[in-house]
Amino acid sequence: MSGFNGLAIPGPTNMPFEIRQAMDVALQDHRAPDFPKFTLPIFRDLKRIFQTETGHVLVFSGSGTSCWEAALANTLSPGDHVLTSIYGQFSFLWAQMCERFGLEVEAIDVEWGEGVALDFYEQRLSADKAHAIKAVLVCHNETATGVTSDVAAVRKILDDLAHPALLMVDGVSSIGAIEFRMQKWGVDLAVAGSQKGFMMPTGLGIIGVSQKALEASKSAKLPRSFFEFSKMIEMNADGYFPYTPAVTLLHGLRASIDMMLAEGLDNIHARHHRLATGVRRAVKAWDLTLCAKDPALYSDTVSAVVVPDGMDANDVIKQAYSRYNLSLGGGLSKVAGKLFRIGHLGYLNELMVLSALGGAEMAMLDSGIKIEPGAGLAAAVDYYRASGERSA
Ligand SMILES: Cc1ncc(COP(=O)(O)O)c(C=O)c1O
């Protein structure tokens, strides 16, 4: 098929030419004396993206999942209690990883489309007078359902109760795209990957680590080797890594950070909000609903669109890909076939979103879903035209 593939999944996202070009470099000596000139500013600037002054941001070769593991393995011991809420495939998978690590998982199953279970957290943490719960997990942006949860509210519960549990946050589909304040929200472990807000290829797991998490790592007994924080921090201090880093990807990361800082985090968040609002207007005009139950939960990076009963969302995805060269995200696990997802994060503008909306309309019509042709597109077009400049 000629023309570009429309990449409207919630990661990997579209890669800017600047990042692609920045990675077209000769391989280099990662132990060279001038290597730190390249790496130290990256470590410094990542702290601006994560919004932490006191924490460290570490870069591992891996993906978001690797940093889930890094967070757990560095700070917890076998049998430690962790508290979590499951409201989508990614919160489920992180909880499953906790079990595989021999942790005692206390999880509440929340209806998919809802967010983190604040009441349950409050109730369990206030009953936990002995402070047996060592970590509280939150998936900030549940990519499977298009739900953004309130991390600051979880922090407040912990603070109000003076509960010392570590706050671990999955920011894989939020960091670098929507508001994420590691230090202000008291996040102890903040997990990200390179292929979403960072607009890069998959391959880097990026994790913010607070001083409190580092302190916990001193007595944590879970085995770790590759992901050992202390060795990484020690070597990073001089601009090096304990083992061979993905230098080519680090060049992409440099370009990615430069683009993000040039646009400004607030402007990036505003752009994502505006583009997402256009998508939501389209969904409303199609007379369809989002999986997210409440506007306060709507994600600005991904929208999960529920198809009418009796219709097959997988067919929409199939039609979109095979007829129009458009990649939409599928429904995962218990929502498979019930919804399709439009990713709207990273390197994106109105026209790219309109192309995804147009493709989604055609694919839905091909699948027999009764929407009015052009209705969603018109709603998004009207919104984008009326809401003026892209940047805040
Ligand atoms: C919220 C969330 N967490 C974790 C992951 C897993 O990350 P990765 O696929 O980079 O390992 C994903 C992947 O899409 C995600 O969306």
Side-chain angles (χ1 to χ4, degrees), residues 1 3-28 30 35 38-39 41-43 45-46 48-50 57-70 90 93 141 143-144 170-178 180 190-208 226-227 232 236 241 243-263 268 271-272 275 301-302 321 325-330 332 341-349 352-353 355-356:
M1 239 189 252
F4 294 114
N5 169 246
L7 192 60
I9 57 172
T13 59
N14 295 282
M15 182 160 58
F17 182 69
E18 290 89 328
I19 294 181
R20 191 186 296 196
Q21 204 178 31
M23 292 187 295
D24 186 7
V25 286
L27 297 184
Q28 70 194 89
H30 61 286
F35 194 62
F38 167 59
T39 51
I42 293 181
F43 303 146
D45 293 342
L46 275 174
R48 292 174 66 188
I49 306 291
F50 277 62
V57 181
L58 311 180
V59 182
F60 291 98
S61 300
S63 70
T65 306
S66 73
C67 287
W68 279 347
E69 179 161 338
F90 296 102
L93 289 173
N141 190 75
T143 321
D170 175 339
V172 173
S173 59
S174 61
I175 295 175
I178 58 180
F180 185 88
V191 173
S194 49
Q195 77 276 20
K196 297 192 196 260
F198 286 90
M199 310 169 285
M200 289 179 54
T202 317
L204 297 181
I206 309 171
I207 184 164
F226 180 82
F227 290 117
M232 185 61 103
N236 281 180
F241 287 76
Y243 30 71
T244 318
V247 178
T248 313
L249 290 175
L250 290 178
H251 281 280
L253 183 59
R254 177 69 267 167
S256 157
I257 295 170
D258 287 344
M259 287 183 76
M260 286 200 248
L261 294 180
E263 185 175 358
I268 291 175
R271 175 168 56 85
H272 280 80
L275 294 176
T301 59
V302 52
Y321 193 71
N325 200 10
L326 169 69
S327 292
L328 296 169
L332 303 171
R341 293 174 298 146
I342 302 174
H344 32 83
L345 75 158
Y347 187 59
L348 211 62
N349 60 26
M352 292 159 88
V353 175
S355 138

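Side chains included, hydrogens not; waters and symmetry mates left out as well; all remaining heavy atoms used.
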Inset, instruction - Would you name the heavy atoms of Val191 and Gly64 that are closest together and state the gap between them? - result: CG1-O, 3.5 Å
Legend entry - Whether Arg271 side chain and Gly346 backbone form a donor-acceptor pair below 3.5 Å: yes
Inset, instruction - Search all heavy atoms of Leu345 against all heavy atoms of His272 and return the closest pair with its distance. - result: CA-NE2, 3.4 Å
Inset, instruction - Check Leu204, Ile19, Leu249, Ile49 against Phe198 for a side-chain contact (heavy atoms from CB on, under 4.5 Å) and give me the one that passes. - result: Ile49
Inset, instruction - Run the numbers on His251 and Thr248 for side chain to side chain contact (heavy atoms under 4.5 Å, CB included), then give the verdict. - result: CA-CA 5 Å; His251 281 280; Thr248 313; 5.7 Å; no
Inset, instruction - Quick one: pull up CG in Leu275 and CE in Met352 and give me the separation to the nearest 0.5 Å. - result: 9.5 Å
Legend entry - Side chains of Leu348 and Asn14 in contact at under 4.5 Å (non-hydrogen atoms): yes
Legend entry - Polar contact flag, side-chain donor to acceptor under 3.5 angstrom, Asn141-Ser174: no
Legend entry - Leu253 and Ile206, any side-chain heavy atoms less than 4.5 Å apart: yes
Legend entry - Proximity of Phe226 and Phe241 rings by center, below 6.0 Å: no
Inset, instruction - Mind checking the CD1-CG spacing from Ile207 to Leu46? Nearest 0.5 Å is all I need. - result: 12.5 Å
Inset, instruction - Work out which heavy atom in Gly203 is nearest to a heavy atom in Ser194; give both atom names and the distance. - result: N-OG, 3.3 Å
Legend entry - Test item: Leu58 and Phe227 side chains (from C-beta on) under 4.5 Å apart, heavy atoms: no
Inset, instruction - Would you name the heavy atoms of Leu7 and Pro12 that are closest together and state the gap between them? - result: CD2-O, 3.4 Å
Legend entry - 4.5 Å side-chain heavy-atom contact, Met199 and Met260: yes
Legend entry - Nearest-0.5 Å distance that lies between atom CZ in Arg254 and atom OG1 in Thr39: 10.5 Å
Inset, instruction - Check whether any side-chain heavy atom of Tyr347 lies under 4.5 Å from a side-chain heavy atom of Phe17, and answer yes or no. - result: no
Legend entry - Val172 side chain reached by Thr143 side chain, heavy atoms, under 4.5 Å: no
Inset, instruction - Provide the closest heavy-atom pair for Gly329 versus Ile9 in the form atom of the first, atom of the second, distance. - result: N-CG2, 3.7 Å
Legend entry - NZ on Lys196 to OG1 on Thr301, rounded to 0.5 Å: 8.5 Å
Legend entry - Spatial distance of atom CG (Leu250) from atom CZ (Phe43) [nearest 0.5 Å]: 7.0 Å
Inset, instruction - Calculate, to the nearest 0.5 Å, the distance between atoms CD and OG belonging to Glu69 and Ser63 respectively. - result: 10.5 Å
Legend entry - Heavy-atom pair with the smallest gap, counting every atom of Val59 and Met232: O-CE, 3.3 Å
Inset, instruction - Output yes when Asp24 and Arg20 qualify as a salt bridge under the 4.0 Å nitrogen-oxygen rule, no when they do not. - result: no
